[in-house]
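These notes are about the structure you will find just below.
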Amino acid sequence: QVQLVESGGGSVQAGGSLRLSCVTSGVRINTDCMGWFRQVPGKGREGVAAIVSDVKTSYADSVKGRFTISKDNDKSTLYLQMSSLKQEDTAMYYCAAGSHDLGICLLRIAAAFDSWGQGTQVTVSS
């Protein structure tokens, strides 16, 4: 069975940092497309970051330079390091995995991902 379990969310002041973790099982984290999405009420899920290998990554313009996606293949864990957080980063964050259409992984399109975690809330205060 495929399971993605996020952790690390919480409340933080603007300018602070958080590190999200996603422990996976039943996925081939070393070869699959892995990503982080976020969603606020009334809007669709936004692709924040994706990684399709140990080095190939992409980021939404709004987080580039502040967020870093990485993974530990031996621990089957995906990470999202978030720094210089802004109020606009407040959202429910989801990790996701996709085993198909690896060629579009870095476009961070939700349809390319077929497994999702339950989400972890990130709240940034002023």
Side-chain angles (χ1 to χ4, degrees):
Q1 299 182 21
V2 175
Q3 287 191 341
L4 306 175
V5 182
E6 302 103 331
S7 64
S11 297
V12 64
Q13 296 182 45
S17 301
L18 283 175
R19 189 191 194 194
L20 306 184
S21 299
C22 176
V23 178
T24 74
S25 62
V27 302
R28 295 182 292 275
I29 191 171
N30 58 322
T31 58
D32 284 356
C33 175
M34 306 296 300
W36 288 96
F37 289 74
R38 65 186 182 186
Q39 186 172 30
V40 298
K43 296 184 178 180
R45 293 189 180 185
E46 174 190 16
V48 175
I51 183 168
V52 72
S53 71
D54 290 343
V55 296
K56 295 181 179 179
T57 61
S58 72
Y59 299 90
D61 289 341
S62 59
V63 308
K64 193 171 185 178
R66 300 187 297 117
F67 291 11
T68 301
I69 187 171
S70 63
K71 58 189 177 74
D72 187 329
N73 293 337
D74 292 336
K75 297 182 179 180
S76 297
T77 302
L78 180 73
Y79 303 98
L80 184 67
Q81 178 65 51
M82 305 184 294
S83 301
S84 301
L85 284 163
K86 306 174 181 179
Q87 287 184 282
E88 63 194 69
D89 295 318
T90 295
M92 184 73 74
Y93 284 73
Y94 302 87
C95 65
S99 59
H100 306 285
D101 299 319
L102 299 183
I104 63 171
C105 175
L106 299 184
L107 297 180
R108 307 182 310 282
I109 300 173
F113 298 80
D114 49 34
S115 299
W116 298 83
Q118 294 298 311
T120 184
Q121 179 68 39
V122 172
T123 301
V124 184
S125 61
S126 62

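None of the values given here were measured: they were computed from a predicted structure. Along the sequence shown, residues carry numbers from 1.
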For Gln118 and Glu6, indicate whether the former's side chain and the latter's backbone hold a donor-acceptor pair under 3.5 Å.
-> no
Between CZ on residue Arg19 and OG on residue Ser83, distance to nearest 0.5 Å | 11.0 Å
Any idea which heavy atoms bring Gly47 and Ala60 closest together, and the distance?
-> O-CB, 3.6 Å
Hydrophobic cluster membership, Val48 vs Val12, 4.5 Å side-chain cutoff | yes
Should Ser70 and Gln81 be marked as a side chain to side chain contact (heavy atoms under 4.5 Å, CB included) after you check the CA-CA gap, both sets of side-chain angles, and the distance that decides it?
-> CA-CA 8 Å; Ser70 63; Gln81 178 65 51; over 6 Å; no
Take Leu20 and Val122 through the side chain to side chain contact (heavy atoms under 4.5 Å, CB included) test and state the conclusion after the steps.
-> CA-CA 9 Å; Leu20 306 184; Val122 172; 4.1 Å; yes
Nearest heavy atoms of Lys75 and Thr77, plus distance in Å = O-OG1, 2.9 Å
Would you check if there is a donor-acceptor pair between the side chains of Arg108 and Ser58 at a distance under 3.5 Å?
-> yes
List, by chain and number, the other hydrophobic cluster members for Phe113, where Ile, Leu, Val, Met, Phe, Trp and Tyr join if side-chain heavy atoms come within less than 4.5 Å, directly or indirectly.
-> Phe37, Met92, Tyr94, Trp116
Indicate yes or no for a side-chain donor-acceptor contact from Ser76 to the backbone of Ser25 under 3.5 Å, with no hydrogens or angles considered.
-> no
ring-ring contact (aromatic ring centres under 6.0 Å, His included) contacts touching residues 3-36 (sequence neighbours left out) | none
Asp72 side chain to Asp74 backbone, donor-acceptor under 3.5 Å | yes
Give, for atom SG of Cys95 and atom CG of Leu4, the distance between the pair rounded to the nearest 0.5 Å.
-> 4.5 Å
Mind listing the closest non-hydrogen atom pair of Gln39 and Lys43 along with its distance?
-> NE2-O, 2.9 Å
May I ask you to decide if Ile51's main-chain N or O and Thr57's side chain share a donor-acceptor pair within less than 3.5 Å?
-> no
Give every residue pair that meets the salt bridge (charged side-chain N to carboxylate O under 4.0 Å, His left out) criterion with at least one member in residues 56-69, sequence neighbours excluded.
-> Arg66-Asp89
After noting the C-alpha distance and the side-chain angles of Glu46 and Ser62, does the key distance pass the side chain to side chain contact (heavy atoms under 4.5 Å, CB included) rule?
-> CA-CA 11 Å; Glu46 174 190 16; Ser62 59; 3.6 Å; yes
Separation between OG1 (Thr123) and CD (Gln87), nearest 0.5 Å, reads 11.0 Å
The complete set of ring-ring contact (aromatic ring centres under 6.0 Å, His included) pairs with one or both residues in residues 53-84, sequence neighbours excluded, reads none
To the nearest 0.5 angstrom, please state how far the CE atom of Met34 sits from the OG1 atom of Thr24.
-> 5.5 Å
Quick one: name the residues clustered hydrophobically with Val52, using the 4.5 Å side-chain heavy-atom rule over I, L, V, M, F, W, Y, and just say none if it's on its own.
-> Leu102, Leu106
Measure across Ser84 and Ser17 and return the closest heavy-atom pair with its distance rounded to 0.1 Å.
-> N-OG, 4.3 Å
Hey, are the side chains of Val63 and Arg38 touching, using non-hydrogen atoms and a 4.5 Å cut-off?
-> yes
Minimum-distance pair of heavy atoms, taken over all atoms of Val2 and Ser115 | CG1-OG, 3.4 Å
Closest non-hydrogen atom pair, Ser99 against Asp114 | OG-OD2, 3.5 Å
Any ring-ring contact (aromatic ring centres under 6.0 Å, His included) pairs touching residues 1-27, not counting sequence neighbours?
-> none
Output yes when a side-chain donor or acceptor of Asp101 lies under 3.5 Å from a complementary backbone atom of Ile104, and no otherwise.
-> no
State whether the number of non-hydrogen atoms from other residues, nucleotides or ligands found under 6.0 Å of Gln121 atom CD is greater than 12.
-> yes
Pairwise side-chain contact, Ile69 with Leu78, heavy-atom cut-off 4.5 Å (strictly under) = yes
